[in-house]
Amino acid sequence: MKNILIMIVATLTLQSAYGQIEQDKVLHFLGGNLYGLVGAGVANEISDGDRPWTFIGAVGGSLLIGLAKESIDQKQYGGWSNEDLLATVLGGATVGITIDIFKKKKQRKREQLYRDAIKSADVRFQKKFPIETTEINSLLVLGMSSTVLEK
């Protein structure tokens with residue numbers, strides 16, 4: 001019941017906030033999300049999964065598309081909008097933060113699985129050789145008797 005009440009309040013709050021935001025800013029935010037996702041994917045591949053570079057890629061991708069869109073708007077309509085650019089970059093930053101949160105959660109889960117696997121493995125085994133007084137040489141390691149050398 002508590003979760004349902006929280007969801008209803010959140011929905012009503014977001015709907016009233018959505019009504020106050022211009023439709024154009026919402027589209028810029030969504031465009032920033034999409035191109036931020038592309039930028040994060042490219043940066044993730046180039047940096048071999050480095051988290052800060054993935055976030056920078058998300059923000060950079062949305063910044064590039066935002067600058068391109070505002071340049072086109074400036075040329076066609078004669079109007080540059082810093083608010084539109086900010087909405088686009090915030091879309092990319094949102095994707096970058098979301099990727100970082102889920103990547104960190106996946107890393108913690110992987111580390112926990114590793115710790116559990118180590119706990120269940122028996123690493124306290126004793127190495128015993130068949131004859132304790134015999135000096136270990138390469139033939140004994142291969143499973144051959146040292147009498148082969150005597151013949």
Side-chain angles (χ1 to χ4, degrees), residues 1-130 135-144:
M1 182 65 182
K2 182 179 176 183
N3 291 338
I4 295 172
L5 183 62
I6 290 172
M7 289 299 293
I8 291 172
V9 170
T11 303
L12 292 175
T13 304
L14 289 176
Q15 186 168 357
S16 65
Y18 179 75
Q20 296 174 0
I21 299 173
E22 297 176 31
Q23 188 67 23
D24 184 44
K25 305 297 185 267
V26 173
L27 293 175
H28 277 274
F29 185 81
L30 290 175
N33 278 333
L34 292 174
Y35 283 96
L37 188 61
V38 170
V42 170
N44 189 33
E45 287 298 317
I46 291 173
S47 69
D48 292 329
D50 192 20
R51 286 176 41 212
W53 282 109
T54 303
F55 179 77
I56 291 170
V59 173
S62 63
L63 180 63
L64 283 174
I65 197 65
L67 289 172
K69 174 68 171 101
E70 291 309 310
S71 297
I72 291 170
D73 285 351
Q74 176 69 27
K75 185 175 182 180
Q76 289 181 347
Y77 308 116
W80 179 280
S81 174
N82 287 331
E83 292 85 13
D84 288 348
L85 181 61
L86 178 65
T88 307
V89 172
L90 285 176
T94 304
V95 166
I97 290 170
T98 305
I99 289 171
D100 191 46
I101 288 171
F102 283 107
K103 190 179 261 192
K104 191 182 291 184
K105 183 178 179 182
K106 186 176 180 180
Q107 183 180 8
R108 283 194 309 256
K109 185 176 181 181
R110 187 178 297 139
E111 288 172 357
Q112 182 63 38
L113 288 172
Y114 179 73
R115 283 193 297 268
D116 292 344
I118 287 177
K119 285 180 187 176
S120 64
D122 186 19
V123 293
R124 293 171 279 131
F125 61 90
Q126 297 285 333
K127 291 185 178 180
K128 294 183 180 179
F129 292 101
E135 186 176 316
I136 299 174
N137 59 27
S138 60
L139 292 177
L140 186 60
V141 172
L142 292 174
M144 300 174 73

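A quick note: this is a predicted structure, and the numbers were derived from the prediction, not measured. Worth knowing before you read on, the calculation uses all heavy atoms, side chains too, and leaves out hydrogens, waters and symmetry mates.
Applying the side chain to side chain donor-acceptor pair (under 3.5 Å) definition to pairs two or more places apart or across chains, none involves residues 29-40. Within the structure, the side chain to side chain donor-acceptor pair (under 3.5 Å) test picks out the following pairs touching residues 64-74 (sequence neighbours left out): Lys69-Asp73. Applying the salt bridge (Lys or Arg N to Asp or Glu O under 4.0 Å) test to pairs two or more places apart or on separate chains, those with a residue in residues 81-95 are Lys25-Asp84. For residues 31-45, the set of pairs meeting the salt bridge (Lys or Arg N to Asp or Glu O under 4.0 Å) definition, not counting sequence neighbours, is empty.
Annotation: side-chain hydrogen bond (donor to acceptor under 3.5 Å, both in side chains) contacts of Asp48 (sequence neighbours excluded): none. Under the rule for a side chain to side chain contact (heavy atoms under 4.5 Å, CB included), Leu64 has no partner lying at least two apart in sequence or in another chain. Residues that satisfy the side-chain hydrogen bond (donor to acceptor under 3.5 Å, both in side chains) test with Ser62, not counting sequence neighbours, are absent from this structure. Remark: Ile56 engages Trp53 in a side chain to side chain contact (heavy atoms under 4.5 Å, CB included) (not counting sequence neighbours). Judged as a side-chain hydrogen bond (donor to acceptor under 3.5 Å, both in side chains), and not counting sequence neighbours, the contacts of Asp100 are Arg51. For the side-chain hydrogen bond (donor to acceptor under 3.5 Å, both in side chains) test, residues two or more places apart in sequence or in another chain that qualify with Gln112 are Arg115, Asp116.
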Next on the checklist: Using side chain to side chain contact (heavy atoms under 4.5 Å, CB included), reason through Thr88 and Leu63 one step at a time and then give a plain yes or no.
Outcome noted: CA-CA 7 Å; Thr88 307; Leu63 180 63; over 6 Å; no
Next on the checklist: As a quick check of understanding, evaluate side chain to side chain contact (heavy atoms under 4.5 Å, CB included) for Phe55 and Ile99, giving each step before the final call.
Outcome noted: CA-CA 8 Å; Phe55 179 77; Ile99 289 171; over 6 Å; no
Using residues 37-44 as the side-chain source, report each donor-acceptor pair under 3.5 Å to any protein atom, sequence neighbours left out, with the distance given to one decimal.
residue, atom, partner, partner atom, Å
Asn44, OD1, Gly49, N, 3.3
Asn44, OD1, Lys103, NZ, 3.0

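Taken to the nearest 0.5 Å, the CD1 atom of Ile65 stands 11.5 Å off from the CG atom of Leu85.
For Thr94 against Leu90, the heavy-atom pair with the smallest separation is OG1-O, 2.7 Å. Considering all non-hydrogen atoms of both residues, Ala58 and Gly92 come closest at CB-O, 3.5 Å.
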